[in-house]
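Step one of this worksheet: look at the structure below.
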2 protein chains.
Amino acid sequence: MKLQQLKYLLAIVDNGLNITAAAERLYTSQPGVSKQLKLLEEELGLQLFTRKGKSLDGVTPAGEQVIERARVVMQEVENIRSLASDFYHEEEGSLSIATTHTQARYVLPDVIREFRERFPNVSLNLHQGTSEQIADMVNANAIDFAIATGSRDLFSNLLLVPSYRWDRKIIVPRDHPLTRLDRKLTLADLAEYPLVTYVFSFGGQSSLKRAFADEGLEPDVVFTARDADVIKTYVRMGLGVGIVASMAEDCADQKDLAALDAEGLFPRSTTWIGYRRDILLRRYMLDFIQLFAPHISAEQLEKTRQIRNQAEMDKLFSGAELPVRGGCSDDINEAA
Amino acid sequence: MKLQQLKYLLAIVDNGLNITAAAERLYTSQPGVSKQLKLLEEELGLQLFTRKGKSLDGVTPAGEQVIERARVVMQEVENIRSLASDFYHEEEGSLSIATTHTQARYVLPDVIREFRERFPNVSLNLHQGTSEQIADMVNANAIDFAIATGSRDLFSNLLLVPSYRWDRKIIVPRDHPLTRLDRKLTLADLAEYPLVTYVFSFGGQSSLKRAFADEGLEPDVVFTARDADVIKTYVRMGLGVGIVASMAEDCADQKDLAALDAEGLFPRSTTWIGYRRDILLRRYMLDFIQLFAPHISAEQLEKTRQIRNQAEMDKLFSGAELPVRGGCSDDINEAA
DNA sequence: CTTCGCGTATAACCATGTGTTATATAGGCG
DNA sequence: CGCCTATATAACACATGGTTATACGCGAAG
């Protein structure tokens with residue numbers, strides 16, 4: 001058995017059981033791949049694939065098992081290479097991150113600016129997508145880090161590091177009646193106006209809708225968008241009252257919009273950063289995590305490296321109170 | 001990177017950093033091993049070992065990490081081979097078991113007889129030793145199954161399948177005064193006589209001594225042995241009253257010895273069968289477990305295969321009441 | 001049924017790599 | 001300083017993996 005053979009095997013599987021396609025992807029010839037697959041099957045003494053004529057048609061039960069373990073092998077080999085680079089070229093490598101709009105637009109810019117300063121030779125890849133798309137990228141092992149909010153079950157195969165918590169903010173035009181309210185805002189107040197908010201996707205189905213329902217209110221959601229920028233645009237147009245993540249409050253908005261505190265009206269959300277449990281965290285990856293979640297102590301960070309399941313992770317951070325991230329006024333930059 | 005190189009690396013480590021010895025163990029030449037190690041170090045771009053002149057002197061921190069992961073790789077490769085055999089030669093292979101005297105002498109014979117009948121082509125290796133020796137063999141990856149009682153902490157890196165529970169039996173000469181007792185035996189009764197029992201090793205320090213102490217009694221232990229046969233010998237000689245595991249009661253003993261029930265006098269012990277969490281359980285291994293612990297259902301057995309940590313294991317068997325194994329009268333064979 | 005196209009297996013050949021033997025070399029030790 | 005042990009180096013033999021060219025099997029289309 002050779003690592004090459006396992007690599008070829010996985011390439012075949014990942015290319016729809018098409019040996020020719022796998023060979024192309026591997027920058028080698030089709031007969032070479034065919035030959036190695038044959039040798040592997042001969043050595044193991046079993047068929048890994050079912051055939052239809054000469055073409056591969058499916059994976060045998062035995063094949064499933066072998067493939068599963070071959071992935072572990074290749075991952076560990078990758079980890080060996082990775083840690084070797086980490087010892088020799090501590091500041092070089094690549095980091096792929098998949099995240100949602102809110103993170104990419106409002107939270108990550110500062111983190112990434114600092115990260116790039118500290119690690120100019122780490123090539124960064126940032127992918128924006130929905131929770132589902134992020135989950136897909138994770139499962140395809142195409143990214144190193146996923147950053148998202150809620151929906152833990154969608155990412156059950158990741159180790160999640162809780163990073164910060166946040167509330168909602170209510171965005172209205174500066175002259176809106178709600179800005180003249182002389183008491184704390186209530187859900188009932190909001191229910192009086194047409195609302196503009198996120199597509200109900202993350203955090204289970206609409207924790208927002210649930211919050212209204214719990215008080216016997218029926219919100220009038222006139223528009224839903226994927227991101228806060230779109231929401232603000234429609235709020236500016238007077239279409240309704242915007243409900244966005246507190247991080248999305250931008251100081252530059254203050255000239256025509258007002259952001260009202262909605263703390264307590266809706267359940268607090270937790271944003272986490274996650275990674276596959278079988279990858280090796282390189283030095284700069286740990287540093288990225290700490291930049292993203294600065295409340296994590298050096299010891300916690302070091303321990304994180306050894307953790308292999310979510311229960312341990314939760315235990316590690318169970319004591320710590322997560323920071324609550326706001327928007328413009330209590331911006332993390334100003335606090336620092 | 002080649003599997004061969006990782007194999008050589010581990011062989012070097014496992015042969016005290018002696019390349020020549022590693023080469024001999026691998027049935028190959030010393031220059032070949034040297035060369036591959038060099039190639040591996042060059043590819044990874046780091047020193048895996050510290051050198052004193054030309055000889056290897058120690059492992060670098062980077063080396064430690066690489067070695068650790070190389071072991072995972074080789075184990076998974078072994079598992080692939082193993083499952084391939086399992087599909088093709090379901091009834092062939094080898095099974096190494098390490099266990100204590102009591103198991104080897106009184107419990108395993110029946111199990112092994114049946115196992116050999118069912119799998120005549122599986123070569124069996126049985127090693128007897130103390131808990132510590134068994135733990136060593138486990139850690140050296142020299143055995144497949146460990147069977148022992150208590151001392152879970154000594155085997156924390158194994159997955160333990162609880163198998164059965166047992167009480168103690170009191171062994172006395174047939175004409176001993178205790179045989180004429182017309183009530184249930186008490187610890188106070190035992191404390192009246194000199195005692196012969198096991199070396200206090202397993203199950204924490206002397207659950208036996210503790211049981212007496214809890215009732216304010218001081219037992220007079222005149223002799224301790226490693227196994228029940230020795231104990232019986234001294235009981236026959238009239239040296240004292242024997243306390244042994246209930247499994248050690250042998251019907252053949254009845255002509256000159258009497259076995260008195262000690263249920264309730266001492267805490268019940270649990271015997272388990274354990275294996276490293278990273279090995280692949282072959283079909284015949286599962287069957288062995290079931291022969292040893294027949295109360296395990298087929299579904300439980302199948303689930304066992306997927307389990308990777310002790311918490312899951314304990315959960316799987318939390319509902320089931322373990323059988324209590326006796327000696328001669330309620331022998332498992334007669335019950336069956 | 002025939003033909004075409006796609007994909008895989010086989011064959012012959014070549015380049016690279018791995019292991020072998022022989023030998024040089026470095027350190028430890030008395 | 002010389003012997004012993006262990007590793008590195010060199011030169012060579014041969015096994016292995018990859019390449020190109022080509023044959024073959026199946027399904028789709030006519």
Side-chain angles (χ1 to χ4, degrees), chain A residues 1-60 62-63 66-67 70 73-74 77 80-81, chain B residues 1-60 62-63 66-67 70 73-74 77 80-81:
Chain A
M1 196 182 324
K2 302 279 172 67
L3 285 179
Q4 195 104 321
Q5 293 170 336
L6 299 181
K7 188 168 89 186
Y8 285 10
L9 169 65
L10 296 184
I12 292 171
V13 173
D14 294 340
N15 284 280
L17 306 191
N18 183 322
I19 294 180
T20 307
E24 274 167 23
R25 178 74 64 89
L26 293 162
Y27 303 107
T28 184
S29 68
Q30 168 267 315
V33 177
S34 282
K35 194 167 166 182
Q36 292 308 320
L37 172 62
K38 191 181 173 186
L39 285 173
L40 180 61
E41 287 188 319
E42 278 172 5
E43 177 177 345
L44 296 180
L46 48 80
Q47 294 254 117
L48 298 173
F49 299 102
T50 57
R51 264 92 170 167
K52 185 173 283 183
K54 290 197 166 190
S55 292
L56 304 189
D57 187 52
V59 181
T60 63
V66 173
I67 290 162
V73 170
M74 293 314 292
V77 167
I80 289 175
R81 292 211 178 90
Chain B
M1 197 183 321
K2 302 279 172 65
L3 284 179
Q4 196 99 315
Q5 294 170 337
L6 299 182
K7 188 169 88 186
Y8 285 9
L9 168 65
L10 296 184
I12 292 171
V13 174
D14 294 340
N15 284 280
L17 307 191
N18 182 324
I19 294 180
T20 307
E24 272 167 23
R25 179 75 65 88
L26 293 161
Y27 304 105
T28 184
S29 66
Q30 168 266 315
V33 177
S34 282
K35 194 168 167 180
Q36 292 308 319
L37 173 61
K38 191 180 172 186
L39 285 172
L40 180 60
E41 286 189 318
E42 277 171 6
E43 177 176 346
L44 296 181
L46 49 79
Q47 295 254 116
L48 299 173
F49 298 102
T50 56
R51 264 94 168 166
K52 184 175 285 183
K54 290 195 165 189
S55 293
L56 304 188
D57 188 52
V59 181
T60 62
V66 173
I67 289 163
V73 170
M74 294 314 292
V77 166
I80 289 175
R81 292 211 178 89

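Side chains included, hydrogens not; waters and symmetry mates left out as well; all remaining heavy atoms used.
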What contact category does [X] fall into here, base, sugar-phosphate, or nothing, at under 4.0 angstrom with non-hydrogen atoms?
{"X": "A:Ile12", "answer": "nothing"}
{"X": "B:Gly32", "answer": "base"}
{"X": "A:Leu26", "answer": "nothing"}

N/O (side chain, [X]) to phosphate O (OP1/OP2, [N]) under 4.0 Å:
{"X": "A:Lys2", "N": "D:dG17", "answer": "yes"}
{"X": "B:Lys38", "N": "D:dT9", "answer": "yes"}
{"X": "B:Thr20", "N": "D:dT7", "answer": "yes"}
{"X": "B:Tyr8", "N": "C:dT18", "answer": "no"}
{"X": "A:Gln4", "N": "D:dG17", "answer": "no"}
{"X": "A:Ser29", "N": "D:dT19", "answer": "yes"}
{"X": "A:Asn18", "N": "C:dC6", "answer": "no"}
{"X": "A:Ser34", "N": "C:dA9", "answer": "yes"}
{"X": "A:Ser55", "N": "C:dC6", "answer": "no"}

May I have the distance from [X] (atom [atom1]) to [N] (atom [atom2]), rounded to whole angstrom?
{"X": "B:Asp57", "N": "C:dA26", "atom1": "CG", "atom2": "P", "result": "18 Å"}
{"X": "B:Leu40", "N": "D:dA8", "atom1": "CG", "atom2": "P", "result": "13 Å"}
{"X": "B:Glu41", "N": "D:dT7", "atom1": "CD", "atom2": "P", "result": "13 Å"}
{"X": "A:Lys52", "N": "D:dA28", "atom1": "NZ", "atom2": "P", "result": "9 Å"}
{"X": "A:Gln5", "N": "D:dG17", "atom1": "CD", "atom2": "C1'", "result": "10 Å"}
{"X": "B:Met1", "N": "C:dG17", "atom1": "CE", "atom2": "P", "result": "16 Å"}
{"X": "A:Leu37", "N": "C:dG7", "atom1": "CG", "atom2": "P", "result": "17 Å"}
{"X": "B:Arg51", "N": "C:dG28", "atom1": "CZ", "atom2": "P", "result": "15 Å"}

Ignoring hydrogens and geometry beyond distance, is the side chain of A:Lys35 in donor-acceptor contact with the base of D:dG18 at under 3.5 Å?
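Answer is yes: a donor-acceptor pair is held.
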Between the base of D:dA8 and the side chain of B:Gln30, is there any donor-acceptor pair under 3.5 Å?
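Check passes, donor-acceptor contact within cut-off.
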Does some side-chain heavy atom of [Y] sit less than 4.5 Å from a side-chain heavy atom of [X]?
{"X": "A:Asn18", "Y": "A:Leu56", "value": "no"}
{"X": "B:Val59", "Y": "B:Leu48", "value": "no"}
{"X": "B:Leu3", "Y": "A:Val77", "value": "no"}
{"X": "B:Leu17", "Y": "B:Asp57", "value": "no"}

Choose from D:dA10, C:dT25, D:dG25 the nucleotide whose nearest atom is closest to any side-chain atom of A:Lys54.
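When the side chain of A:Lys54 is considered, D:dG25 is the closest of D:dA10, C:dT25, D:dG25.
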What distance do B:Leu40 atom CG and B:Tyr8 atom OH have between them, rounded to the nearest 0.5 Å?
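Rounded to the nearest 0.5 Å, the CG-OH separation comes to 12.5 Å.
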Check each of A:Lys2, A:Lys7, A:Gln5, A:Glu41 against A:Gln36 using the side chain to side chain donor-acceptor pair (under 3.5 Å) test, and report the only one that passes.
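Of the listed residues A:Lys2, A:Lys7, A:Gln5, A:Glu41, the side chain to side chain donor-acceptor pair (under 3.5 Å) partner of A:Gln36 is A:Gln5.
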Between B:Gln36 and A:Pro31, which residue's closest nucleotide on DNA chain C lies nearer the 5′ terminus?
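Its nearest nucleotide being more 5', the pick is A:Pro31.
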